[in-house]
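Single-structure report; data block below.
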Protein chains: 2
Amino acid sequence: MEGVPDGSDSDRERLVSSLARVGELGREDRDAIRNLPLVSRDLAKGVDLVRVGERTSQCCFVLDGFLCRYRMLLDGKRQILSLHMPGDLPDLECIHRDAADFSLGTLTPSRVGLIPHRALVDLISANRRIGAVLWRYTLIETAILREWTIGLGRRLAFERCAHLLCELTARMRQAGLATDGSYQLPVTQTDLGDILGLSTIHVNRVLRDLRMAGLAELRGGTVTVLDWQGLVDTSEFDGTYLRLHQPTGSRVQVPIS
Amino acid sequence: MEGVPDGSDSDRERLVSSLARVGELGREDRDAIRNLPLVSRDLAKGVDLVRVGERTSQCCFVLDGFLCRYRMLLDGKRQILSLHMPGDLPDLECIHRDAADFSLGTLTPSRVGLIPHRALVDLISANRRIGAVLWRYTLIETAILREWTIGLGRRLAFERCAHLLCELTARMRQAGLATDGSYQLPVTQTDLGDILGLSTIHVNRVLRDLRMAGLAELRGGTVTVLDWQGLVDTSEFDGTYLRLHQPTGSRVQVPIS
DNA sequence: CGGGCAATTGATTTGAGTCAAGATGCGTGG
DNA sequence: CCACGCATCTTGACTCAAATCAATTGCCCG
């Protein structure tokens with residue numbers, strides 16, 4: 001996790017493959033993406049990249065670590081609005097904004113690549129297909145947010161937490177960060193509470209219950225899925241929302257083992 | 001609310017002005033929007049235009065009435081994910097989807113204009129500015145969803161309900177459907193519960209409390225804002241999220257009286 | 001006039017928050 | 001190498017916001 005002044009080729013390649021997951025890209029499209037200016041930067045835990053009300057001039061591409069969008073209320077309560085892992089573009093939509101209505105910060109030490117808005121806007125103008133892919137990217141994020149909203153409104157803590165674990169497992173596998181049902185998720189129970197709309201203490205109990213039920217385990221920053229089908233059933237998880245298009249020949253769900 | 005076989009000129013004009021609220025449009029842009037094929041249709045209350053998993057071939061533009069996106073859970077619980085009033089494009093993002101991850105239905109008798117996806121996709125390809133405006137449109141909807149998410153996760157029922165009333169008041173005024181602090185909102189308390197993640201009974205009590213507190217009143221399908229500043233204060237409402245751009249010379253908030 | 005949906009109110013239950021107190025682990029500095 | 005301090009995790013006891021259960025009222029419409 002050393003500082004690299006400007007993005008390496010492998011960083012650019014990850015951006016290409018992240019976007020290729022969202023829509024079909026031709027050779028020229030890939031090259032155009034590879035040519036985007038990208039400066040990599042190391043960030044400590046708890047650092048904000050965007051703050052409510054601010055205007056930014058560059059977008060961030062996650063290379064390592066976990067970030068989240070969030071909002072604080074006046075009484076100190078925090079609601080996390082999205083969770084971002086390597087391969088994500090957490091503030092893409094800021095190219096269309098005067099002032100952010102959320103903050104974006106790191107939950108763990110992270111490495112990000114920064115891309116100037118200008119370069120993205122130009123690329124979108126020049127390349128209709130990439131424009132559509134980026135639009136779709138923002139729509140997938142909205143679909144994820146919708147699932148969180150449904151959970152917060154209508155699911156019990158246990159199911160809600162199971163659903164989040166399903167989603168994260170599917171996303172981590174998609175991103176190539178989990179090959180079996182086990183992966184790193186080095187966030188605190190307080191962070192999880194702020195995602196799930198629960199108190200830290202209740203998150204702790206729910207995680208214990210999930211472990212007792214033999215569904216999943218989160219210990220020392222590692223998630224272990226013990227019973228994928230059980231998790232899916234208790235949370236009514238259907239991973240379709242994580243993709244807008246089925247790439248030819250692939251099936252919807254991301255099954256385990 | 002009579003059936004009109006194909007959209008009248010005034011219907012098209014409303015589409016133009018809805019989109020003009022999102023971003024700057026030139027004369028040719030407006031004309032291109034006016035030339036979109038638009039068929040108007042009357043719908044009864046409780047009719048679905050889109051159902052989870054379905055693929056649609058046209059987008060809907062609300063001309064009259066209220067619609068919502070929602071999802072049902074297996075145990076019969078419903079979460080409403082957005083509320084749409086005349087001037088809204090509730091399923092615009094479906095042009096990018098194989099299968100909807102939400103249903104879209106009417107909450108009241110409604111009139112909508114239907115526009116084929118094909119026509120929209122062609123328009124977006126042909127006109128970059130309109131493409132950007134439509135993308136932005138979807139981002140504003142996401143910003144609204146984020147506010148709902150924050151409320152569901154971290155606000156008490158009373159504040160959450162006050163926040164919704166602030167938002168709806170601002171949106172209705174923006175849409176020209178409320179000139180003072182009073183407007184039609186002919187939805188049931190059960191619908192409100194499914195928006196706010198509350199039981200019908202609790203919605204009833206919260207509305208009573210808002211009335212007792214002298215903040216707002218909802219009776220017979222009419223909202224009356226009694227104390228705008230009070231509502232804003234109790235719900236920490238900041239209407240910035242309802243616009244991505246400040247049209248030159250306009251101020252953020254939508255004040256009352 | 002009666003049926004049905006929506007709104008209302010009271011009594012009771014419950015899921016989750018809050019308060020309080022340890023336990024566990026870990027990085028830093030002496 | 002150990003001790004201290006801090007953050008995180010864990011568990012138990014109690015409280016509270018909101019759900020559920022039960023009943024009543026009001027209202028629109030055929």
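Lettering of chains follows the sequences in order, A, B, ..., and the numbering in each one begins at 1. None of the values given here were measured: they were computed from a predicted structure.
Heavy atoms of B/Lys45 sit under 4.0 angstrom from primed sugar atoms or phosphate atoms, though from no base atom. Within the 4.0 angstrom heavy-atom criterion, only backbone atoms of the sugar-phosphate kind lie near A/Gly197; the bases stay farther away. Looking at heavy-atom distances under 4.0 Å, B/Ser199 makes contact with a base.
The nearest whole Å value for the distance from the CG atom in A/Asp191 to the P atom in D/dT8 is 8 Å. We find that CZ of B/Arg205 is positioned 14 Å from C1' of D/dC16, with the value rounded to whole Å. We find that CG of B/Asp209 is positioned 12 Å from C1' of D/dA18, with the value rounded to whole Å. Following rounding to the nearest Å, B/Ile201 (CD1) and C/dA11 (C1') show an atom-to-atom distance of 12 Å. As a whole-Å value, the separation of A/Leu207 CG from D/dC9 P is 9 Å. Distance B/His202 NE2 to D/dC16 P: 15 Å, rounded to the nearest Å. Residue B/Arg208 contributes atom CZ, which lies 13 Å from atom C1' of D/dA18 at whole-angstrom precision. Taking atom CZ of A/Arg160 as the reference point, atom P of C/dG17 lies 8 Å away to the nearest angstrom.
For the OP1/OP2 pair of C/dA7 and a distance below 4.0 Å, the side-chain nitrogens and oxygens of B/Asn204 include no atom meeting the criterion. Look at A/Gln189 and you won't find any side-chain N or O under 4.0 angstrom from OP1 or OP2 of D/dA7.
Side chain of B/Asp91 to main chain of B/Cys60: a donor-acceptor pair is present (N/O by atom type, distance under 3.5 Å, no hydrogens or angles).
Counting only N and O atoms by type, the side chains of B/Ser82 and B/His84 include a donor and acceptor under 3.5 Å apart.
Checked by distance alone, A/Arg219 brings no side-chain donor or acceptor within 3.5 Å of a matching partner on the base of D/dT8.
Judged by the 6.0 Å and 45° rule, A/Arg71 forms no cation-pi pair with A/Phe102.
Once rounded to the nearest 0.5 Å, the distance linking CG of B/Leu145 with CD1 of B/Ile140 reads 14.0 Å.
Below 30°, between 30° and 60°, or above 60°: for A/Phe237 and A/His163 the angle between ring planes is above 60°, a perpendicular geometry.
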